[in-house]
**Q** 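Quick one: the structure is below, questions incoming.
Order of the sequence lines fixes the chain letters, A, B, ..., with proteins taken first and strands second; residue numbering starts at 1 for each chain. The shown structure was predicted, so the numbers you read here are calculated from the model rather than taken from an experiment.
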2 protein chains.
Amino acid sequence: MILIDYKDSRPIYEQVVDKFRLLIVNGVLKAEDKMPSVRTLAVELSINPNTIQRAYGELERRGYIYTVKGRGNFVSDTEGYKDEYRSEIFGRLDEVCDSAFKAGITAGELKDRIDKVKEGESDDKD
Amino acid sequence: MILIDYKDSRPIYEQVVDKFRLLIVNGVLKAEDKMPSVRTLAVELSINPNTIQRAYGELERRGYIYTVKGRGNFVSDTEGYKDEYRSEIFGRLDEVCDSAFKAGITAGELKDRIDKVKEGESDDKD
DNA sequence: TAAGTGTACTAATTGAATTAGTACACTTAT
DNA sequence: ATAAGTGTACTAATTCAATTAGTACACTTA
């Protein structure tokens, strides 16, 4: 369900947080779905339970999951967070545009590129 | 000329490399311009000369600057690197598009956003 | 010759991330 | 009641990259 990239220089717990965030905001994991237990996932990924715990703590802090002691972690109702995630993506787009314009790339070129990506979509990647 | 962001989790030498890369590919620093000396810049930024040296070594390895022993570091002819930099930006755009499409954002929405950024350009930022 | 430049090297320090180990509280099923 | 599974909380040790510190050497220019 989740894969760690050891070539990635970011902390493992951060990668775990991001992967789950994507699964949740993109609807793969739905509200009330049960998250894998801390210990289970730790064994699955061959990393320390503390690292998973830290990731789950972060996900809870940010509202993506909630905890029931003794029962486990569950996905929250994240409808509200989808807008937040969209904003995040637009923010990233803004940065790319800034860099692009500074480097002399035109809005037209960017738009053409979007169309190309759109065409090639659903290709087997990553 | 350069500013370090201590809130940024990336290594200092990497930040230095990036800042100079931008100055160079965007034409602020031109071919044959003299780079600040390792020691001067170290004092200016209040960081260790070794860190600057590492950054300069990286810039040289990547072809952005060249070294003349005893004289200093100078900006290379970077015309060829501008294409490389453009590709990099398009690559970043591709990633944003992928995320966007997965999150249900349409190509049209992305294009509209580009126009908005284009309008607000040359605003006093960073 | 003196001052300024880059280069090379080793050692020490720092700090975050990760791992290791333990203990405790709660829930569920038996 | 008991056992197994769950989350939580702590402290200590380890690992690793980045950074700092210090020194020495070679070259260029004035």
**Q** Does D:dT6 have OP1 or OP2 under 4.0 Å away from a side-chain N or O of A:S37?
**A** yes
**Q** C:dT5, C:dA17, D:dG7: which one has an atom nearest the side-chain heavy atoms of A:R54?
**A** C:dA17
**Q** May I ask you to list the residues sharing a hydrophobic cluster with A:Y66, side-chain cutoff 4.5 Å, ordered by chain and number?
**A** A:V68, A:F74
**Q** With sequence neighbours excluded, what pairs up with A:F90 under the ring-ring contact (aromatic ring centres under 6.0 Å, His included) test?
**A** none
**Q** What integer distance in Å separates A:K34:NZ from C:dT28:C1'?
**A** 12 Å
**Q** CZ of B:R61 versus P of C:dT7: gap in Å, rounded?
**A** 15 Å
**Q** Which residue pairs satisfy the salt bridge (Lys or Arg N to Asp or Glu O under 4.0 Å) criterion with at least one member in residues 21-38 of chain A, sequence neighbours excluded?
**A** A:R21-A:E88
**Q** Whole Å only: how far is the CZ atom of B:F74 from the C1' atom of C:dG4?
**A** 12 Å
**Q** Near DNA chain D, counting only heavy atoms under 4.0 Å, which residues of residues 2-12 of chain B show up?
**A** B:P11, B:I12
**Q** Can you sort out the partners of B:K102 under side-chain contact (heavy atoms from CB on, under 4.5 Å), two or more places apart, ordered by chain and number?
**A** A:N26
**Q** Taking only residues at least two apart or on different chains, which pairs with a member in residues 1-10 of chain B satisfy salt bridge (Lys or Arg N to Asp or Glu O under 4.0 Å)?
**A** B:D8-B:R10, B:R10-B:D18
**Q** Quick one: side-chain hydrogen bond (donor to acceptor under 3.5 Å, both in side chains) partners of B:T106, sequence neighbours excluded?
**A** B:E109
**Q** Could you tell me whether A:K118 and A:E121 make a salt bridge, using a distance below 4.0 angstrom between a side-chain N and a carboxylate O?
**A** yes
**Q** Can you give one letter per nucleotide of nucleotides 23-30 of chain D, going 5' to 3': B for a protein heavy atom under 4.0 Å from the base, S for sugar-phosphate only, - for none?
**A** ----BSS-
**Q** Taking 4.0 Å as the cut-off, does a side-chain nitrogen or oxygen of B:T51 come that near to OP1 or OP2 on D:dA18?
**A** no
**Q** So does A:Y13 get a side-chain nitrogen or oxygen closer than 4.0 Å to the phosphate oxygens (OP1/OP2) of C:dA17?
**A** yes
**Q** For A:Y66 and D:dG7, give me the distance from atom OH to atom P, rounded to whole Å.
**A** 13 Å
**Q** Report the residues that fulfil side-chain hydrogen bond (donor to acceptor under 3.5 Å, both in side chains) with B:S99, sequence neighbours left out, ordered by chain and then residue number.
**A** A:R92
**Q** Can you measure A:N73 atom CG to D:dT6 atom P for me and round it to whole angstrom units?
**A** 11 Å
**Q** Roughly how many Å is it from CD1 in B:I47 to P in C:dT14, rounded to a whole number?
**A** 18 Å
**Q** If you link I, L, V, M, F, W and Y whenever their side-chain heavy atoms are under 4.5 Å apart, who else ends up in the same group as A:L3?
**A** none
**Q** Mind listing the closest non-hydrogen atom pair of A:A103 and B:Y85 along with its distance?
**A** CB-CE2, 3.7 Å
**Q** May I have all residue pairs that pass salt bridge (Lys or Arg N to Asp or Glu O under 4.0 Å) and include part of residues 61-75 of chain B, sequence neighbours excluded?
**A** B:E58-B:R61, B:E58-B:R62
**Q** Name the stems that DNA chain C belongs to, where each is three or more consecutive Watson-Crick or G-U pairs with both distances under 3.5 Å?
**A** C:1-30 with D:1-30
**Q** Can you tell me how far the CG atom of A:D112 sits from the CD1 atom of A:I114, to the nearest 0.5 Å?
**A** 9.5 Å
**Q** I need the CG-C1' distance between A:N48 and D:dA13, as an integer number of Å.
**A** 12 Å
**Q** Please determine, for the side chain of B:T40, which listed nucleotide (C:dG6, C:dT5, D:dA9) has the closest atom?
**A** C:dT5
**Q** Using atom CD of A:E14 as one end and atom C1' of C:dA17 as the other, report the distance to the nearest whole Å.
**A** 11 Å
